[in-house]
A.B. asks: 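Before I ask anything, here is the structure I am working with.
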Amino acid sequence: MASSASLQRFLPPYPHAAASRCRPPGVRARPVQSSTVSAPSSSTPAADEAVSAERLEPRVEQREGRYWVLKEKYRTGLNPQEKVKLGKEPMSLFMEGGIKELAKMPMEEIEADKLSKEDIDVRLKWLGLFHRRKHQYGRFMMRLKLPNGVTTSEQTRYLASVIETYGKEGCADVTTRQNWQIRGVTLPDVPAILDGLNAVGLTSLQSGMDNVRNPVGNPLAGIDPDEIVDTRSYTNLLSSYITSNFQGNPTITNLPRKWNVCVIGSHDLYEHPHINDLAYMPAVKGGKFGFNLLVGGFISPKRWEEALPLDAWVPGDDIIPVCKAVLEAYRDLGTRGNRQKTRMMWLIDELGMEAFRSEVEKRMPNGVLERAAPDDLIDKKWQRRDYLGVHPQKQEGMSYVGLHVPVGRVQAADMFELARLADEYGSGELRLTVEQNIVIPNVKNEKVEALLAEPLLQKFSPQPSLLLKGLVACTGNQFCGQAIIETKQRALLVTSQVEKLVSVPRAVRMHWTGCPNSCGQVQVADIGFMGCLTKDSAGKIVEAADIFVGGRVGSDSHLAGAYKKSVPCDELAPIVADILVERFGAVRREREEDEE
């Protein structure tokens, strides 16, 4: 079983808060059609070739007994972000109190100094703060850590109180990693906000740049009658390790690139394991519960790849040692040149899976990493369930209610209301999902009708239309400086236009992302839209999108491929309608009327 005690030996050797208490997970055993995990193919690049000892020399070293930095001999051909890290340790802003001094500086003074300007534009991302220089100069987006997407009414009220102070500049988003992002934050307020987060059991630490992102788990953990395992204690342990219980964990804050992790708890694969750098897949070996491991999944502008089997299994109480070993192998050996080629899969490609596995194994506490269990516990024939609406929990007399949050955007008033509903009808808890929606768990059946009658559920409907319920959109160019097009309102508009042209027999997942970074994860969508610019028929440059089709989630997951490039946004609706008719069984509205 996962335990907080097992975490302590893997945290940095300096004072930290006590690990949060974690409930042991319950494992549901059921006979299923299993998916087979095979050993890496011998055709994996470099699999048949010995990797030189020189290549396996760690490229980083610890300095000052705390921070890990790139060795002098590996400091050529670096990307700009690596040079910023060498110029000043980003974690010092938190661990040495640098944020307090920075917050006192006027923006004019900050802009006049190279290091402080880099602080607000780059290094503050290690504290979860993203300067919106292009569209909200002087204001920041703050990204939290919210393991498993579980949050409380108290935490939600606090976040609402923060964004409320910023008026029209303040709002919040549910992210595609079960997380909150709040907007409008100003630098002088940051130290007080960080203290406020800590007081309600939250942190924004290590949530941006070359760090481990929010650990994702089953949004229905502990309440799902059909779950395999309750993922909450595992994701809590991962988060505690990653940030050293909110104190900062500099052993893993100098990675070559960002790194995603998830723990699978259901046959539905709500957690999207195939696009994570490390995914824990529940599996039994020798009568003991544990996890087979997938590694290397990622999405980037130039390449996207599904995670591959590491041919490794760990007991349930060893999730931290193997996470640490994988991270340290990546930290030590990953290249730091072209940012488009620094995700972990590029390292796996270079070394070969077996050599990469060997590097992970040598970093395990006892130097041993067991081979994978023959099968995992995922039912390959399972039909992915819809969590929106009212559903019975495993606890008798209780239900959970899934609410659709259009493109994930909420205002302060919405958050205050969500907190009230969680208290009045549930247990004071909310669950965030990777589809940017919210679940209210632990609602007594006799209270469901009253909850459904609440005014907020007119906005956050438990029964949205079939095209709306799968709609996901990144921030877009309203706030994000990298986004090429506006996404959230555009996604709602195009969906509305398409709904007037066709009716669909089932939900179709449509994802929007404003740029090739694909924060909106268009490659996992049935239909995806990636922002770009093009010329319209009159020769005018307009907002456009590349269309992707064919992504799947669940046990038969598959990443989408490009369908059509550079379609002006104003011309998308009829093309999407055609795709829905051709590939998803949609019926044109005029045909419906003729049949009537």
Side-chain angles (χ1 to χ4, degrees), residues 32-49 51 215-216 228-229 231 234 238 259-269 271-286 288-299 303-316 318-319 321-330 333-334 343-364 368-382 523-524 552-559:
V32 297
Q33 176 72 30
S34 300
S35 59
T36 301
V37 179
S38 57
S41 166
S42 61
S43 63
T44 301
D48 296 324
E49 303 172 11
V51 181
V216 168
I228 303 169
V229 63
T231 56
Y234 296 111
L238 285 166
W259 195 88
N260 293 323
V261 62
C262 70
V263 182
I264 304 307
S266 79
H267 304 287
D268 306 271
L269 302 187
E271 309 85 354
H272 296 181
H274 297 90
I275 57 171
N276 278 263
D277 293 278
L278 175 61
Y280 293 86
M281 308 294 289
V284 172
K285 186 177 182 183
K288 187 173 183 178
F289 176 79
F291 298 94
N292 282 344
L293 304 177
L294 301 179
V295 292
F298 78 109
I299 295 173
R303 180 186 179 192
W304 43 95
E305 296 289 348
E306 295 186 46
L308 301 173
L310 184 62
D311 189 18
W313 176 90
V314 294
D318 273 353
I319 66 161
V322 76
C323 180
K324 179 175 183 289
V326 173
L327 280 168
E328 290 182 355
Y330 178 43
L333 303 175
R343 292 294 296 270
M344 194 172 76
M345 184 63 91
W346 290 95
L347 176 63
I348 294 170
D349 282 348
E350 180 189 354
L351 301 184
M353 184 63 81
E354 194 59 28
F356 177 77
R357 186 190 186 282
S358 177
E359 289 301 307
V360 173
E361 185 169 44
K362 72 171 60 171
R363 289 167 172 80
M364 292 291 287
V368 175
L369 183 61
E370 291 191 44
R371 293 288 174 177
D375 303 305
D376 61 38
L377 296 175
I378 308 301
D379 185 346
K380 290 284 286 183
K381 295 182 179 179
W382 191 265
Q523 292 89 348
V524 303
R552 295 194 301 269
V553 293
S555 58
D556 63 341
S557 68
H558 175 74
L559 298 183

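These figures come from a predicted structure and were not determined experimentally. In what follows, residues are counted from 1 in the order of the sequence shown.
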A.B. asks: Of the non-hydrogen atoms in M344 and D277, which two are nearest, and what is the gap between them?
C.D. replies: CE-O, 3.3 Å
A.B. asks: I need the I299 CD1 to E306 CD distance, nearest 0.5 Å.
C.D. replies: 10.0 Å
A.B. asks: What heavy-atom pair brings P273 and L269 nearest, and what distance separates the two atoms?
C.D. replies: CD-CB, 4.0 Å
A.B. asks: Are any of the side-chain heavy atoms of C262 and H272 separated by less than 4.5 Å?
C.D. replies: no
A.B. asks: Could you check if a side-chain atom of E328 sits within less than 4.5 angstrom of a side-chain atom of V360, using non-hydrogen atoms only?
C.D. replies: no
A.B. asks: So which heavy atom on V322 is nearest to which on I319, and how close?
C.D. replies: CG1-O, 3.5 Å
A.B. asks: Rounded to the nearest 0.5 Å, what separates atom CD in E361 from atom CG in L310?
C.D. replies: 9.5 Å
A.B. asks: Check the angle between the aromatic planes of F291 and Y280 and answer parallel, tilted or perpendicular using the 30° and 60° thresholds.
C.D. replies: perpendicular
A.B. asks: Which heavy-atom pair separates E271 from V263 by the least distance, and what is that distance?
C.D. replies: CG-O, 3.5 Å
A.B. asks: Report yes or no: does D311 contribute a side-chain atom to a donor-acceptor pair with the main-chain N or O of A372 at less than 3.5 Å?
C.D. replies: yes
A.B. asks: Main chain of R371, side chain of K285: is a donor-acceptor contact present, judged purely on distance under 3.5 Å?
C.D. replies: yes
A.B. asks: Work out which heavy atom in A283 is nearest to a heavy atom in L377; give both atom names and the distance.
C.D. replies: CA-CG, 4.0 Å
A.B. asks: Would you compute the distance between atom SG of C323 and atom CH2 of W259 and round it to the nearest 0.5 angstrom?
C.D. replies: 4.0 Å
A.B. asks: Quick one: does V261's side chain get under 4.5 Å of V216's, heavy atoms only?
C.D. replies: no
A.B. asks: Under the 3.5 angstrom rule, does the side chain of D376 hit a backbone N or O of P282 as a donor-acceptor pair?
C.D. replies: no
A.B. asks: Given 3.5 Å as the limit, does a donor-acceptor pair link the side chain of H267 with the main chain of D379, or not?
C.D. replies: yes
A.B. asks: Okay, side chain of W313, backbone of L293: is any donor-acceptor separation there less than 3.5 Å?
C.D. replies: no
A.B. asks: May I ask you to test the N260-F298 pair for a side-chain heavy-atom distance under 4.5 Å?
C.D. replies: no
A.B. asks: Run the salt bridge (charged side-chain N to carboxylate O under 4.0 Å, His left out) test against E359 and tell me which residues pass, sequence neighbours left out.
C.D. replies: K362, R363
A.B. asks: Closest approach of M353 and I348, non-hydrogen atoms and distance?
C.D. replies: CE-CG2, 3.8 Å
A.B. asks: How many angstroms lie between CG in L294 and CG in L308, if you round to the nearest 0.5 Å?
C.D. replies: 8.0 Å
A.B. asks: Can R303 be said to sit on top of W346's aromatic six-ring, NZ or CZ under 6.0 Å from centre and within 45° of the ring axis?
C.D. replies: yes
A.B. asks: Between the side chains of R357 and E370, is the shortest nitrogen-to-carboxylate-oxygen separation below 4.0 Å, so that they form an ion pair?
C.D. replies: no
A.B. asks: Indicate yes or no: at least one non-hydrogen side-chain atom of I264 is less than 4.5 angstrom from one of T231.
C.D. replies: no
A.B. asks: What's the spacing between Q523 CD and I275 CD1 if we round to 0.5 Å?
C.D. replies: 8.5 Å
A.B. asks: Rounded to the nearest 0.5 Å, what's the gap from CG on L369 to OG on S358? Could you check?
C.D. replies: 10.0 Å
A.B. asks: Mind checking what makes ring-ring contact (aromatic ring centres under 6.0 Å, His included) contact with F356, not counting sequence neighbours?
C.D. replies: none
A.B. asks: Please confirm whether the backbone N or O of L278 pairs with a side-chain atom of N276, one donor and one acceptor, at under 3.5 Å?
C.D. replies: no
